[in-house]
2 protein chains.
Amino acid sequence: MNRLDRVTDTAEGSATNRAYRRLRELIVAGDLKPGEKLKIDGLRKRLDTGASPIREALSLLTSDHLVERIDQRGFRAAEVSAANFNEILKLRCALEDQALRESIANYTEAWEEHVVLAHHRMLRAQNEKRDDFELLHKAFHMALLANANSPILLKFCSQLYDLNIRYRFLAGRALDYQQRDVRAEHAGILAAAIARDADTASERLLNHYKLTGAFLSGLLGSGTLG
Amino acid sequence: MNRLDRVTDTAEGSATNRAYRRLRELIVAGDLKPGEKLKIDGLRKRLDTGASPIREALSLLTSDHLVERIDQRGFRAAEVSAANFNEILKLRCALEDQALRESIANYTEAWEEHVVLAHHRMLRAQNEKRDDFELLHKAFHMALLANANSPILLKFCSQLYDLNIRYRFLAGRALDYQQRDVRAEHAGILAAAIARDADTASERLLNHYKLTGAFLSGLLGSGTLG
DNA sequence: ATTCAGTATTTTATCGATATTATCGCGGCA
DNA sequence: TGCCGCGATAATATCGATAAAATACTGAAT
């Protein structure tokens, strides 16, 4: 593979990075099912790359709790369970509460503008039903927390976000976002955040998660998921 | 390398696992200095193994925030800074507070016995000045939190513990544990935990961390490190 | 039928080699 | 003198092959 081929590849960066992003997509979106054995050779063919990048990408994904590594017995996609889902929800609420409050405490105009922009981009994608909505939705939520200036906390939140969204995909993408006025919830969080009202912002944010959580928890309980 | 050689190796498990453990030791103990470039070939010779296990171990360590991976530019040991240290301390307090309270809320006799045992082993190692004290010290703290039944939270706490202990090593192992009656602090935490007094236990645990934290923060501020 | 041992097959883990990329140093030029 | 680009060097990333381990399979004995 020479330089020119590289450029025309679907994504830039090293083969490992591409494999990492692609595999994460596949797991989060549920194309690789929970508990499924991730055979190197199969993935090698599927992603059209060597075994080394695959192995390294899978190693990286173990840190995101999306892949489990069993010594000498390869990799498998992380299992899902109601307990796991509830743990993620609880942790998310605790960590994002803290991050959002610190973010607001460190208020700057630059941050406010970033958040407003992220919200607008998300809204636009939502209205146009563009397929990058999920990406921008995450970007909005991360933007809210970014001003906490706490890289580790932010990374934890990002990981938990991905773990959570995986359950949304498993439950069926269409189901959840029709039921409520999610736009209003987002707008409410944004408004409270830029008004520097940490209590209200946090309450709305956590409510936003808990509503989705209760909905998904119901599905999980009724055995809809794997 | 055949089967018999494997068994006589310093540690068991795959080459990747051995490299992972060894590299983590080296970084936490400060033998690999913060910010130091981690050249594959150098480590390959130092640990007497191939490049693949080294790369994979370094990938795993990035998830522990002990190694930074820069695409196409290799790996380096994570930097240290006062800001980073304070972030770790703050997060640790928040997460361990939650974990400890849940652990106590889920009280069982089996858990109580585990904690008592872990405490005793740590104490014995401390009295005999054995070199596995650090390992047993971590085991005691993790045992306190284990009953929260929250694997992700526990893993976060474990990672933060390692990140924190790294600063202790960098500051010089001897310095901190002479100043206070750490034995009494541990005993106090244990007593409150098995008395199921979550408020007291958490207060003592957090104080335990904050005392060490203030001490190290002082050293950091005076430019003793990095 | 069931269990067990031994064998065949699949899969993982690891090595050695190569291609690609970054880095360093030197000489020419403003 | 200082800076830019080019070539040499070093390091990374990746591949293909092999060794080691686990899994699946077969058939005999109970």
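Basis for what follows: all heavy atoms, side chains included, without hydrogens, waters or symmetry-related copies. Order of the sequence lines fixes the chain letters, A, B, ..., with proteins taken first and strands second; residue numbering starts at 1 for each chain.
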Answer yes if the side chains of A:Asn164 and A:Tyr209 hold a donor-acceptor pair under 3.5 Å, and no otherwise. no
Taken to the nearest whole Å, CZ/A:Arg44 to P/C:dA13 is 16 Å
Rounded to whole Å, CZ of B:Arg76 lies from P of D:dT12 at a distance of 10 Å
Short N/O separations, protein against nucleotides 10-12 of chain C, under 3.5 angstrom:
| unit_1 | atom_1 | unit_2 | atom_2 | d |
| --- | --- | --- | --- | --- |
| C:dT11 | OP1 | A:Lys39 | NZ | 2.9 |
| C:dT12 | OP1 | A:Lys37 | NZ | 3.4 |
| C:dT12 | OP2 | A:Ile40 | N | 3.3 |

B:Arg18 atom CZ is separated from C:dT14 atom P, nearest whole Å, by 7 Å
request  = Ignoring hydrogens and angles, state whether a donor on the side chain of A:Tyr20 or A:Asp64 is under 3.5 Å from an acceptor on the partner side chain.
outcome  = yes
Quick one: is C:dT14 close enough that its OP1 or OP2 comes under 4.0 Å of any side-chain N or O from B:Thr49?
no
note: A:Ile54, atom CD1; C:dT14, atom P; distance rounded to Å ~ 18 Å
In terms of heavy-atom contacts, B:Ala51 and B:Ile40 come closest through CB-CG2, 3.8 Å
From NZ of A:Lys45 across to P of D:dC15 the rounded distance in Å is 15 Å
Describe, in one word, how the ring planes of B:Phe133 and B:His137 are oriented to each other, choosing from parallel (under 30°), tilted (30 to 60°) and perpendicular (over 60°).
parallel
- Take the angle between the ring planes of B:His186 and B:His119 and call it parallel below 30°, perpendicular above 60°, tilted in between. perpendicular
Here the distance between atom P of C:dT14 and atom CG of B:Asn17, to the nearest Å, is 8 Å
Rounded to whole Å, the CG-P distance (A:Leu58 to D:dT14) equals 14 Å
Applying side chain to side chain contact (heavy atoms under 4.5 Å, CB included) to A:Arg46 and not counting sequence neighbours gives A:Leu26, A:Asp31, A:Leu32
